[in-house]
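Hydrogens, waters and symmetry mates play no part in the numbers below; they use all other heavy atoms, side chains included. Residue indices begin at 1 and follow the sequence shown.
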Amino acid sequence: MQPFWKKLLGAVGIASFSLLGSTLAMSSAQAKQVELRAELGSPVIEAGKKQTTFLKIALTGFKLDDESDRTPANIAIVLDKSGSMGGDKLQSAKQAARMAVNLLNDNDIISIISYDSTVNVLVPATKVSDKKAIHRAIDRMRSNGKTALFAGVSKGAAEIRKFLDKDRVNRVILLSDGQANVGPSSPSQLGDLGASLSKDGITVTTIGLGTGYNEDLMANLAGYSDGNHAFVKDAEDLAKIFKYEFGDVLSVVAQDVEIKIQCKNGIKPIRILGRDGTILGQTVKTNMSQLYSEQEKFVLIEVEVPAGRAKQQVSLADVSVAYQNMQSNQQDKLADNMTIAYSASQADVRRALNRSVEVTATKQVANEASKEALRLRDQGQLKEAQEVLKGSARVIKRKAEQLGGSEAGLLNSFSSSISEDANTIMEEKDWNQNRKSLKARQYKLDKQQSY
């Protein structure tokens, strides 16, 4: 039977993954659980030398079969109605907001906030029982004034807090088409706001419309709260993006996910790719705000492995995960561990490669290079930025040749897109739009965003 939210939203089917490793549970036997899979890119490495490999900790949300299983939502939709939002933009925003309200039921809570130079609460936080009244409030919006973005998000969070509950999906969904020009307006200030809201269990999704908004600000606000971020070029696509966003909202199965990786036997963690986290000695800690039904999210860590003897096998790391199960309303715990083996045979090393993890690692490393290229481009070093991307495309192609098979096709396609970015990054024409698109793609790869 097709899950209810896929029927509702017309979403594309998502592959499910099998559970590897041991699972320790505190929830009832009837409740479903998140699946944990801890894997190494190179589970067998060449003996006699120090080297690096990638550790992937993947979590996949369990399946929801029907609407009664889903977590109730507590949503604040925060809509820009400044002067630049006039005409088709505001009409499309209203249409998208009305559609989103229709996807909710009377177990959900909604608030609607509009902002220009000031902030207006059109619908205070309330159960979604009278949808027509909520629609009428949305329809009364008129465009005018400047963009008090910080205040709009803060007011949305205040409405969320009226019914803040760890057993709900607490989320602010922000739409803006312009620069924040009233109140705090820097990417760092909005990032701090996102981090503060995250501590309260509130995530922020940011939707940038057109080419007038600050993508660094919007990405920071979403990123520090572990929410979604999207660039919408044309207002007519807003309804589609809202549909995708509510596909996530309506399929949350776990929240407050805490991940700890304890490396052993001289294994040294070097860096976490894509996600924020801490490395203290041999201990790595990171968090995820939410997991969605039948979707995978992961943490990728590069580790340094000391030299070993042929045929030696050592324990590499213990992994522990704790999360709030939204079906059982209890905390679940998962655990797994990994070992690594040494071999004198290059053929053994090649045969043991985990091709899926190698593809993931290649993309994540390339994404770090893409962010470095963007930093160089912002400093006016166009040629240097292009060289970073060209070099990244070559590395991806070499990995494709090494892996072969279907993985080669995936990586060659990815390499081509990086090569296109290398050309685009030199162009002044349409750079504002292209930068927003690039930033959104970087964000999606970092967070494994579903849309």
Side-chain angles (χ1 to χ4, degrees), residues 76-97 100 113-120 141 143-157 171-194 197 203-225 227-242 244-245 371 374-375 377-378 424 428-444 446-447 449 451:
I77 300 177
V78 181
L79 300 173
D80 185 347
K81 71 173 190 72
S82 59
S84 59
M85 280 289 293
D88 290 343
K89 286 184 179 180
L90 190 58
Q91 291 307 311
S92 293
K94 291 178 181 181
Q95 178 187 1
I113 293 90
S114 68
Y115 66 98
D116 45 42
S117 301
T118 58
V119 179
N120 299 290
M141 281 196 301
S143 61
N144 186 46
K146 295 185 178 181
T147 309
L149 189 149
F150 188 101
V153 174
S154 298
K155 180 59 73 172
R171 184 170 302 193
V172 174
I173 299 172
L174 169 72
L175 170 67
S176 181
D177 80 325
Q179 302 285 325
N181 50 28
V182 176
S185 58
S186 71
S188 62
Q189 288 172 313
L190 271 295
D192 289 343
L193 175 61
L197 296 179
T203 57
V204 184
T205 285
T206 59
I207 301 171
L209 175 60
T211 59
Y213 71 93
N214 183 327
E215 60 270 26
D216 295 327
L217 179 154
M218 297 284 267
N220 270 16
L221 175 55
Y224 280 100
S225 72
N228 293 328
H229 169 62
F231 163 46
V232 182
K233 180 183 174 184
D234 300 311
E236 61 202 42
D237 291 328
L238 277 175
K240 178 175 67 176
I241 294 299
F242 268 66
Y244 291 149
E245 172 63 18
K371 286 184 273 187
L374 185 56
R375 186 189 67 81
R377 173 61 163 82
D378 289 343
T424 301
E428 291 295 338
K429 183 183 178 183
D430 297 327
W431 173 241
N432 186 25
Q433 175 181 311
N434 290 333
R435 191 184 191 280
K436 288 174 170 56
S437 178
L438 180 59
K439 187 84 176 182
R441 283 186 281 124
Q442 290 170 350
Y443 190 96
K444 181 176 180 178
D446 274 349
K447 300 290 187 179
Q449 187 172 313
Y451 66 88

*Is the count of non-hydrogen atoms from other residues, nucleotides or ligands lying under 6.0 Å from D234 atom CG greater than 12?*
yes
*For Q442, does the CD atom have more than 12 heavy-atom neighbours from other residues, nucleotides or ligands under 6.0 Å away?*
yes
*Taking all non-hydrogen atoms of both residues into account, name the closest pair between N432 and T211 and its distance.*
ND2-O, 2.5 Å
*For residues L174 and L149, determine if any side-chain heavy atom of one lies less than 4.5 Å from a side-chain heavy atom of the other.*
yes
*Candidate pair N120 and M141, rule side chain to side chain contact (heavy atoms under 4.5 Å, CB included), full reasoning*: CA-CA 10 Å; N120 299 290; M141 281 196 301; over 6 Å; no
*Look up atom CD in Q95 and atom CD in E236, then write down how far apart they are to the nearest 0.5 Å.*
10.5 Å
*Counting heavy atoms not belonging to F150, are there more than 12 under 6.0 Å from its CZ?*
yes
_Nearest-0.5 Å distance that lies between atom CG in L175 and atom OG in S114_ = 11.5 Å
*Main-chain N/O of S185 paired to Q189 side chain as donor or acceptor, under 3.5 Å*: yes
*Heavy-atom closest contact (I77 atom, A100 atom, distance)*: CD1-CB, 4.2 Å
*Hey, is NZ on K155 packed in by over 12 heavy atoms from elsewhere, all under 6.0 Å?*
no
*asked:* Could you report the tightest heavy-atom contact between T206 and A219, atom names first, then the distance?
replied: OG1-N, 4.5 Å
*Among all residues two or more places apart in sequence or in another chain, which pass the side-chain contact (heavy atoms from CB on, under 4.5 Å) test with V182?*
K146, A148
*asked:* Check whether S225 reaches the backbone of A222 with its side chain - one donor and one acceptor, N or O, closer than 3.5 Å.
replied: yes
_Qualifying salt bridge (Lys or Arg N to Asp or Glu O under 4.0 Å) pairs, either residue in residues 208-223, two or more places apart_ = E215-R435, E215-K436, D216-R435, D216-K439
_Reported CG-to-CG distance for the pair N214 and L221, which is rounded to 0.5 angstrom_ = 11.0 Å
*asked:* Just verifying a value: how many Å separate S143 OG and L90 CG, rounded to the nearest 0.5 Å?
replied: 5.5 Å
*Passes side chain to side chain contact (heavy atoms under 4.5 Å, CB included), R171 versus T205? Steps please.*
CA-CA 7 Å; R171 184 170 302 193; T205 285; 3.7 Å; yes
*Return the minimal non-hydrogen interatomic distance between L238 and K89, and the atom names on each side.*
CD1-O, 4.3 Å
_Please check: side-chain N/O of N220 versus main-chain N/O of L190, any donor-acceptor pairing under 3.5 Å?_
no
*Check whether any side-chain heavy atom of D80 lies under 4.5 Å from a side-chain heavy atom of Y115, and answer yes or no.*
yes
*For D237 and V232, indicate whether the former's side chain and the latter's backbone hold a donor-acceptor pair under 3.5 Å.*
no
*Specify whether F231 and Y213 have parallel, tilted or perpendicular ring planes, treating 30° as the upper limit for parallel and 60° as the lower limit for perpendicular.*
tilted
*Could you walk me through whether Y451 and I241 pass the side chain to side chain contact (heavy atoms under 4.5 Å, CB included) test, one step at a time?*
CA-CA 8 Å; Y451 66 88; I241 294 299; 4.0 Å; yes
*Between atom OG of S186 and atom CG of L217, what is the distance when rounded to the nearest 0.5 Å?*
7.5 Å
_Can you give me the closest heavy-atom contact between A93 and M85, atom names plus distance?_
CB-CE, 4.0 Å
*List the steps, then state whether side chain to side chain contact (heavy atoms under 4.5 Å, CB included) holds for V153 with L197.*
CA-CA 10 Å; V153 174; L197 296 179; 4.1 Å; yes
*Might you point out which heavy atoms bring I113 and G152 nearest each other, and give the distance in Å?*
CG2-O, 4.1 Å
*Hey, what do you get for CD1 (I207) to NE2 (H229), rounding to the nearest 0.5 Å?*
10.0 Å
*Residue from D177, T147, D116 passing side-chain hydrogen bond (donor to acceptor under 3.5 Å, both in side chains) with K81*: D116
_Heavy-atom check, side chain of L438 versus side chain of T424, under 4.5 Å_ = no
